[in-house]
Structures are given as C-alpha cells and as structure tokens.
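Working notes, structure below.
The first residue in the sequence is number 1, and the count goes up from there. Hydrogens, waters and symmetry mates play no part in the numbers below; they use all other heavy atoms, side chains included.
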Amino acid sequence: MRSVMVTLAVSAVLVFAIELIARGSLIDTINFFQQPFKPSWTTVALFALILIGLDALLGRPHNGLLIVAPVALTLAFVGHQKSLYLGDPLYPTDFLYARQIVELMPLLVRERPWTGVGIAVGLVAGISLLVLAWRHWRRRMPALSFWARISRLAIALPTLAFFVSIMDYATFSWTRDRLQIIPMMWDQKENYASNGFAIAFALNVPMAKVNAPQGYTEKAIDAITRTDVATSLPEEKPDIIVVMSESFWDPTRLPGVEISPDPIPSVRAAQSGHVFSPEFGGMTANVEFEALTGFSNAFLPAGSIPYQQYVRNPVPSMATFLRSEGYETKAIHPFGGWFWNRAPVYKAFGFDEFMSEENLPPLKKRGPLASDEALTEEIIRQADATDHPFFYFAVSLQSHGPYEPGRYNDATHKVEAGKLSQWTRDSILTYAEGASDADRSLQRLMDWASKRERPTVIAFFGDHLPPLGPVYVDTGFMKEPVAKRKAPINDMLVQHETPLVVWSNRTGAARDIGSISPAFLPLHVLETAGITHPYYTGFLGEVHDRFRVVDRNVLLPRLGETQFDWSRQKELDPAIRDFRWLQYDMMFGKRRGAKEFFPETVDKVVANRTRSPLFLREDA
C-alpha cells in the first residue's frame, strides 16, 4: 500500500510537469488540476497504473518511472514546440514523419543557433542522467517477490485494458462521460486544453482508422446525382504546369511594413484569386493532397496526414486522368523522394515519374536550398524535350522557413517598418527576397509559354502562409505567432489566403476566382484548359456552385452565412454530404462511384510506358 501511495504521488508530480511543459503556462496547469473530477486526476490514476504495471515487469518498484518520465516529458516538450511553430498540438501520426523533422533540424536551428546548442546539451545531459539513474537507482530498489509482481499485474493490466476500450472517440462511453473525458476532435486545441496532453494524445490514436461517414452505403453512392458532364478534351491537348510555391504569400499584407520594390509584381498583375489553405506555416502535403485529388482534408480526422496514413493504394488524381488521355505526367520537387512519403504517393496518384533530389540534375542553390530559378529552368528544359502533351506538378523549396536574417547576402529589396526591431525587419527582408524570386520564376515561365505554339496552362499558388512567427505579432498582423483555426471569417481569410494564378497562353489570366479551397484547383485548371471530366469539372463544379471553401472548421458558401462547426450538425448540406460520401468511397470504400465519376479508373487501363497499370478494368 505504501508503494502504491508513493506511485500515486510520483504520478501526480509527473502529470503536473507534463502539463506545465505542454501548456507553457503555470496558471493554466494549476487550473487544469483545480477540479477533482476533471481528466487531470484520471490522468494521474492512469500513469500510476502504467508505472505499477512496468514495475511488475521490471521486477523492482519505481523503476518504470525511468521509462515513462523521459518519454512523456519529451513528448510534452515536442508538443509545445509544435504548437508554437505550427499552431497545432502533437498527434500520434506526427511520428510517421519524424525523419523529416530530423532532416530539417539543421535548417531550423540556423535561425536560433543557441537554441540548437541548448537542445543538444539538454539531450546529452538528459541521456547521461538517465543512464546514471538507471544504474544506481535500480541497484537500490529491492527486488519484488513473485506474488508482488503478479498482484501488481492483476491490478494494472485489466484496468488499463478497460481504459483503452473507452478511448475510441467514435463510440459513446458512459464511463468516459462520467469521468468528464469529452473527445473534442473537431477542435483539437480545446481537446488538449480540456482533457490534458496525455489523454488527448491517446484519443487521437484511433484516427489512423477512418470510419465510414453516417449514411454511407452503396445505395447512397448510387443515389448521388450524376452530372451531365462527360470526359472531353480539345483536339489540340493543352500542356498543363502546376507550381505549388513553398510558403508563397504577399508580405506587403503585413501592417506598417513597406517593401520596395514590390516583391510580387507578376503575381499581382496576373492574380486570379486566392487559395484558402487548410494549413498554416507547414503541413504542405495536406494542401498538395487536395490540389491533386480534388478531395478534402475536411472529411478526414483532425491532425491526419493522408500522404502518410491513407494513400496505400491507387487514389484517383489529375495525374491519373490526364495520363489515361495520353499525357506525360511528372512530379518535380528538389528534395528527397522520401519526404512526406511522396515517392509512393505520386506513384499511387498515377504519375509516370517523380523527379526528386535523387534523380534531378544538380540545381543551383540560393541560400541553403535549391533556387526557384533553377527549378523553373529544369521544368522548361524537360518540357522542351518532350513531344507529348504533358502535365507537370512542381513543388518549390527555396522559400522554406525559417527566415533567418541574412539568408541572402545580395538582397535587392528594402524594408521600412517604423519602430520594429532590426531582427524583425531582416526576417521580413529574407522572406521578401524569396517571394520575389518565386514571382520572377513565374514570369519566366509565362514568358516562355507565351512563345510556344502549343496551348499551355500554368497554375501557381502558395501552399500556406510562411511560419514567420514573432514577425506576425511584432507587426500586429496577428495576436499570436500562428493562425487561429476558428475565428471570424474575415480573420480566417487574412490568415489562410495565399495568392493564386491560373493562366493560359491563349486566353491570359483567369479572373475573379475568389478564395477557394485547394480541392477546387483541378476544377479551375481543367476549365481553363478546355477539358471536362465527370468529377473534376462536373461534380466539383456543382459543389463549387454552392461553396467556395470547404474547411474542417468552416464552410464558406457563395451565398448565405458562413457555417462554423458544420460537421457537428445532424443534417449536412446535400452537396457536402455527397462530397464526403464519394471521397470515402474512393479512398476507403468499394469504389462504387468510380464508373460514373472516375471512368478512367475502370473503363480503360491507366498505364505508363514502363510500369504495370495502377488501375484495371472493373471486371479484370
């Protein structure tokens, strides 16, 4: 009994430390523990059970702490850092791309070298202390008898198994409700604030499995209204180039900041509208997923990354469709093919080839990363080398954050910013230089296309606002370093919009597109190219007639009031309901809607010149 009481006390201290680190606020942590029936004390009991079970397995009392404490405190620290930089809590699925974090560390610490030194020293010190504690503490703890170990396991394992069984947020649990553990998967910030770091983290584990949306059946898919739009292409098939420019945004939107000359004159002159990014400061792959597939992250669990979790089999995309029509399809990105799991994802999307750091010729760098200019010249070189109609999807790299002062020693712009600190001015200058390079690269691409005889469509957009962090606060652009997930719609637009250009060498720039979700990009690209498709211009076109933005937290209709927390409503708008059903059907279901909406995946073999087919006939 004394050992159990000590374990409970230790668990309380550990949970308090976890919350303090994760929240970064002593007051918030104290408030979390003030009410006895809040999840705080349930978390203490859970940690006590885990420690008791580990002690039984290790054979000595209080040895489990040497495993649990370092892991839990490290997760809390990483979670706090992620929330500071990206505005989102730490999710279990984040560890699917842990390698990416490690690979980007040199770039991230370049901005704050002393922070990097502190992290390195802390890691070395922490590991050293852990080794010493393990060696000396274990010797001092008496070995548990056989029956002591069995009794501990008899208490810990069944109770922990019961808690695991109530962690599935998709099903109601009377016990969970009595413990006041309320899964708030629609608002993850509030989920972590209310339930605490550990329980909220555990609640997100089941999101690796996507449950069918309410009402989804094969009959429901059959009942979706079919459009009259059939697949058609112009006699002379237009070439299509889509460039997703890393963190591209208009820095002149920063209040009280004057940048001269204008860093993005070409985009400003040809701008068609805005992309309403579902992300902020990072998570590029989620924006890319929408732009290529015409599907929406809004219908997937919060915090999920479809590239990492869900794209395991062929998924229809613009590349799938255009390749079925004889297009050469290439994805181009001057970084490792493993990053965001792009290599297998692009294959599943139907690209003939992925040109990555591994097989691209060496590209000239500007700053620490491959330049936009060099990437653009490579796109032009490959386009000039093919006689086939082509679809190229390129993701730039140069303007990836952080935006440390002095990244470019040949800056061509000036920043006037009143009383702002020199560090803030220099960071803005670094970002503006990168944005200017991206703008010039777009102009180079349009100048090249203007001289071509073949019809050519170019789309250019930013994936999300740059992670400028303190710059936003210093300039008064935002009250916090990261954007809000839910706010008045005007604030949401300002904090999530990036410039969009859709341009043709035959008709010029498309105009008045407005602010759209990335999922509607295929609609506007194909319409500009004069191409029709049952899903991309038919079904998406009808959804777009009702809604401009389909976001996890907000629906922005063309007419009527903005709808927040729409996913919690009992009755969804039929257009959104059908959109959700059809996406689930094609990604996780039986593809009942493939024949009507994605005929290229069943009516013909979608193959390339060197690999086996990605999709086969329905009867094959």
Side-chain angles (χ1 to χ4, degrees), residues 22-25 28 79-90 108 111-112 115 187-193 245-259 263-264 274-284 286-287 297 302-303 399-405 415-432 434-435 461-500 515 517-518 549 551-554 556 562 564-565:
R23 295 168 187 266
S25 168
D28 286 351
H80 181 64
Q81 295 303 309
K82 183 189 175 189
S83 66
L84 285 178
Y85 283 97
L86 298 179
D88 270 342
L90 184 71
L108 295 175
E111 180 183 358
R112 297 180 177 87
T115 301
D187 187 345
Q188 288 289 353
K189 279 190 174 181
E190 185 60 31
N191 190 28
Y192 276 71
S245 185
E246 173 62 43
S247 298
F248 185 81
W249 179 63
D250 181 359
T252 66
R253 282 193 167 194
L254 292 170
V257 174
E258 293 186 8
I259 304 172
I264 60 166
H274 291 91
V275 164
F276 182 96
S277 177
E279 303 295 345
F280 178 88
M283 305 296 283
T284 297
N286 283 356
V287 183
N297 289 286
S399 284
H400 200 291
Y403 307 99
E404 67 279 10
V415 175
E416 297 293 334
K419 298 180 180 180
L420 296 180
S421 69
Q422 192 62 46
W423 183 91
T424 296
R425 294 174 187 230
D426 290 344
S427 293
I428 295 172
L429 178 60
T430 291
Y431 178 76
F461 67 101
D463 51 351
H464 50 69
L465 267 69
L468 288 168
V471 170
Y472 292 128
V473 179
D474 292 348
T475 59
F477 181 77
M478 296 189 300
K479 293 181 179 180
E480 298 178 4
V482 294
K484 292 185 179 298
R485 294 292 181 180
K486 289 197 299 184
I489 189 59
N490 289 336
D491 292 344
M492 293 280 284
L493 291 171
V494 167
Q495 297 175 11
H496 287 273
E497 282 184 337
T498 65
L500 168 66
S515 188
S517 288
V549 171
D551 180 75
R552 185 183 310 284
N553 297 301
V554 62
L556 184 59
T562 302
F564 288 96
D565 294 330

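The shortest distance between side-chain heavy atoms of Asp463 and Glu246 falls below 4.5 Å. At least one side-chain heavy atom of Met492 sits under 4.5 Å from a side-chain heavy atom of Phe276. Within the 4.5 Å cutoff, side-chain heavy atoms of Pro405 are placed close to those of Ser427. Taking the side chain as every heavy atom from C-beta outward, His496 and His274 never approach each other to under 4.5 Å. Taking 4.5 Å as the limit, every side-chain heavy atom of Tyr472 sits out of range of all side-chain heavy atoms of Pro481. Annotation: side chain of Asp565 is in contact with side chain of Lys486 (closest heavy-atom distance under 4.5 Å). With contacts defined as side-chain heavy-atom distances shorter than 4.5 Å, the pair Pro263/Thr252 qualifies. In this structure the side chain of Pro470 reaches within 4.5 angstrom of the side chain of Trp423, judged on heavy atoms.
Here the closest heavy-atom approach between residue Glu279 and residue Val287 is recorded as CG-CG2, 4.1 Å. Residue Val275 comes nearest to Pro518 through the heavy atom pair CG1-CG, 3.7 Å, listed as atom of the first residue, atom of the second, then distance. The two residues Ala417 and Val257 make their nearest non-hydrogen contact at CB-CG2, 4.2 Å. Minimum heavy-atom separation, His80 to Ser83: O-OG, 2.7 Å. Minimum heavy-atom separation, Thr562 to Leu556: OG1-CD1, 3.5 Å. Minimum interatomic distance between Gly79 and Leu90 (heavy atoms only, all atoms of both residues): CA-CB, 3.6 Å.
From Leu468, atom CG reaches atom CD1 of Ile428 across 7.5 Å, with rounding to the nearest 0.5 Å. One distance of note links CD1 of Ile259 with CG of Leu429; it measures 8.5 Å at 0.5 Å rounding. Separating the CG atom in Asn297 from the CE atom in Met283 is a distance of 8.5 Å, to the nearest 0.5 Å. The structure places OG1 of Thr284 at 6.0 Å from NE2 of His400, a figure rounded to the nearest 0.5 Å. Between atom CD1 of residue Ile264 and atom CG of residue Asp250 there is a gap of 3.5 Å, rounded to the nearest 0.5 Å. The line from CG of Asp551 to CD1 of Ile489 is 8.5 Å long, rounded to the nearest 0.5 Å.
For Ser399, the side-chain contact (heavy atoms from CB on, under 4.5 Å) test picks out no residue, with sequence neighbours left out. Residues passing the side-chain contact (heavy atoms from CB on, under 4.5 Å) test with Ser25, sequence neighbours excluded: Ile27, Asp28.
Taking the six-membered ring wherever Trp is involved, the centroid distance between the rings of Phe248 and Tyr431 does not fall below 6.0 Å. In this structure, Trp249 has its ring center closer than 6.0 angstrom to the ring center of Phe477.
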TODO: Step by step, work out the side-chain hydrogen bond (donor to acceptor under 3.5 Å, both in side chains) result for Ser421 and Thr424.
DONE: CA-CA 5 Å; Ser421 69; Thr424 296; 3.0 Å; yes
TODO: Determine, step by step, whether Lys479 and Lys484 satisfy the side chain to side chain contact (heavy atoms under 4.5 Å, CB included) criterion, reporting the C-alpha distance in whole Å, the side-chain angles of both residues, the deciding distance to 0.1 Å, and the verdict.
DONE: CA-CA 10 Å; Lys479 293 181 179 180; Lys484 292 185 179 298; 5.9 Å; no
TODO: Run the numbers on Ser247 and Tyr403 for side-chain hydrogen bond (donor to acceptor under 3.5 Å, both in side chains), then give the verdict.
DONE: CA-CA 11 Å; Ser247 298; Tyr403 307 99; 3.3 Å; yes
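Here the side chain of Arg425 pairs a donor or acceptor atom with the backbone of Leu420 at under 3.5 angstrom. When atom types are taken as modelled, the side chain of His464 and the backbone of Phe280 share no donor-acceptor pair closer than 3.5 angstrom.
Looking at Gln495 and Asp491, their side chains never bring a donor and an acceptor atom within 3.5 Å of each other.
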